[in-house]
Amino acid sequence: MTARRKRKVTSASHFGKKSTVDGYKFDSQKELDFYLRYIKNSGYEFEVQKNLVLVDKFTLGSHNVRSVSYRADFVVLDRGRIKHIYDIKNGFNNYAIDFKSQLKFKLVAQKYHVPVEVVVLRKHDFKVGILGTTKKIETQVRTNIDYEYSELI
């Protein structure tokens, strides 16, 4: 009889049910619900599962070092400028948002000058917060995406 290794449970190991709607692929039911309730009919341009390059590929001696990217759940655009970068999570704790994600959120803010807004979907609204700032920013409850991220700070 072989011994079974116990897998460490992390937020990354709990992918939700994947689905495709309107030609977009969603990693979880919560992402799909956020799309249907707040993104799809918002009137804003948007991209789903948008890959944002944080560090370009570079050469180190005779070897290439891979680029570093962050895949945003949603990027909302207003007249061509980024209005929101959303990441849908189950909570605001370290279990739901691991250190690697927090680091990438900071790199996104540095490169694109727009913070990643962490969203926790609720029955009739959503909580949104910005992480990684030197001063703790309280989460806020929103019922639509028609606001500026600067209102959160």
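These numbers were taken from a predicted model, which means no experiment stands behind them.
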Using side-chain heavy atoms (C-beta onward) and a distance below 4.5 Å, is [X] in contact with [Y]?
{"X": "I153", "Y": "I137", "answer": "yes"}
{"X": "Y112", "Y": "L52", "answer": "yes"}
{"X": "D73", "Y": "F26", "answer": "no"}
{"X": "I82", "Y": "L77", "answer": "yes"}
{"X": "D22", "Y": "K40", "answer": "yes"}
{"X": "V48", "Y": "F46", "answer": "yes"}

Measure the [atom1]-[atom2] distance between [X] and [Y] for me, rounded to the nearest 0.5 Å.
{"X": "R37", "Y": "N144", "atom1": "CZ", "atom2": "CG", "result": "12.0 Å"}
{"X": "L121", "Y": "I88", "atom1": "CG", "atom2": "CD1", "result": "7.0 Å"}
{"X": "I145", "Y": "F126", "atom1": "CD1", "atom2": "CZ", "result": "7.5 Å"}
{"X": "L36", "Y": "E31", "atom1": "CG", "atom2": "CD", "result": "12.0 Å"}
{"X": "Y35", "Y": "Y24", "atom1": "OH", "atom2": "OH", "result": "5.5 Å"}
{"X": "K106", "Y": "T133", "atom1": "NZ", "atom2": "OG1", "result": "9.0 Å"}

Within a radius of less than 6.0 Å around NZ of K111, do more than 12 heavy atoms belonging to other residues, nucleotides or ligands occur? yes
Using a 6.0 Å cut-off, check whether atom CD of Q110 has over 12 heavy atoms from anything other than its own residue. no
ILVMFWY network linking V141 to I130, side-chain heavy atoms under 4.5 angstrom: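 No; I130 is not reachable from V141 via cluster members.
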In sequence, state the C-alpha distance, the side-chain angles, and the governing distance for R122 and D125, and then conclude on salt bridge (charged side-chain N to carboxylate O under 4.0 Å, His left out). CA-CA 5 Å; R122 304 183 332 164; D125 53 31; 2.7 Å; yes
Do the side chain of Q102 and the main chain of I97 share a donor and acceptor less than 3.5 angstrom apart? yes
Within the side chain of D78, is there an N or O that forms a donor-acceptor pair under 3.5 Å with the backbone of R81? no
Does D27 come within less than 4.0 Å of R71, counting only side-chain N to carboxylate O?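 Between R71 and D27 there is a salt bridge, with a charged N closer than 4.0 Å to a carboxylate O.
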Looking at every non-hydrogen atom in both residues, tell me the closest pair between [X] and [Y] and how far apart they are.
{"X": "T143", "Y": "Y38", "value": "O-CE2, 3.1 Å"}
{"X": "A96", "Y": "G91", "value": "CB-O, 3.3 Å"}
{"X": "P115", "Y": "A109", "value": "CA-CB, 4.2 Å"}
{"X": "F92", "Y": "V118", "value": "CE2-O, 3.6 Å"}
{"X": "S42", "Y": "I39", "value": "OG-O, 2.9 Å"}
{"X": "Y70", "Y": "Y86", "value": "OH-O, 4.3 Å"}

Before you tell me yes or no, could you show the steps for K89 and S101 under side-chain contact (heavy atoms from CB on, under 4.5 Å), namely the whole-Å CA-CA distance, both residues' side-chain angles and the distance that decides it to 0.1 Å? CA-CA 11 Å; K89 297 290 187 192; S101 294; 4.1 Å; yes
As a quick check of understanding, evaluate side chain to side chain donor-acceptor pair (under 3.5 Å) for E151 and Q140, giving each step before the final call. CA-CA 10 Å; E151 295 175 38; Q140 293 184 20; over 6 Å; no
Atom pairs and distances, donor-acceptor, side-chain atoms in residues 53-63, under 3.5 Å, two or more places apart:
| unit_1 | atom_1 | unit_2 | atom_2 | d |
| --- | --- | --- | --- | --- |
| T59 | OG1 | N64 | OD1 | 3.3 |

Donor-acceptor side-chain pairing of D33 and Q29 below 3.5 angstrom: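 Q29 and D33 do have a side-chain donor-acceptor pair below 3.5 Å.
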Pick one: which of F74, Y147, Y149 meets ring pair (Phe, Tyr, Trp, His ring centres under 6.0 Å) with H84?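 Output: one option passes, namely Y147.
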Begin with the C-alpha distance, continue with both residues' side-chain angles, and end with the deciding distance and a verdict on salt bridge (charged side-chain N to carboxylate O under 4.0 Å, His left out) for E47 and K83. CA-CA 12 Å; E47 296 184 54; K83 182 176 181 72; over 6 Å; no
Apply side-chain contact (heavy atoms from CB on, under 4.5 Å) to the pair D98 and K104, showing each step before the final yes or no. CA-CA 10 Å; D98 60 14; K104 285 187 175 187; over 6 Å; no
Is there a side-chain contact (heavy atoms from CB on, under 4.5 Å) between K30 and N90? Walk through the geometry before answering. CA-CA 8 Å; K30 288 185 187 268; N90 289 319; 2.9 Å; yes
May I have the step-by-step check of side chain to side chain donor-acceptor pair (under 3.5 Å) for D146 and Y44, ending in yes or no? CA-CA 9 Å; D146 194 25; Y44 292 105; 2.4 Å; yes
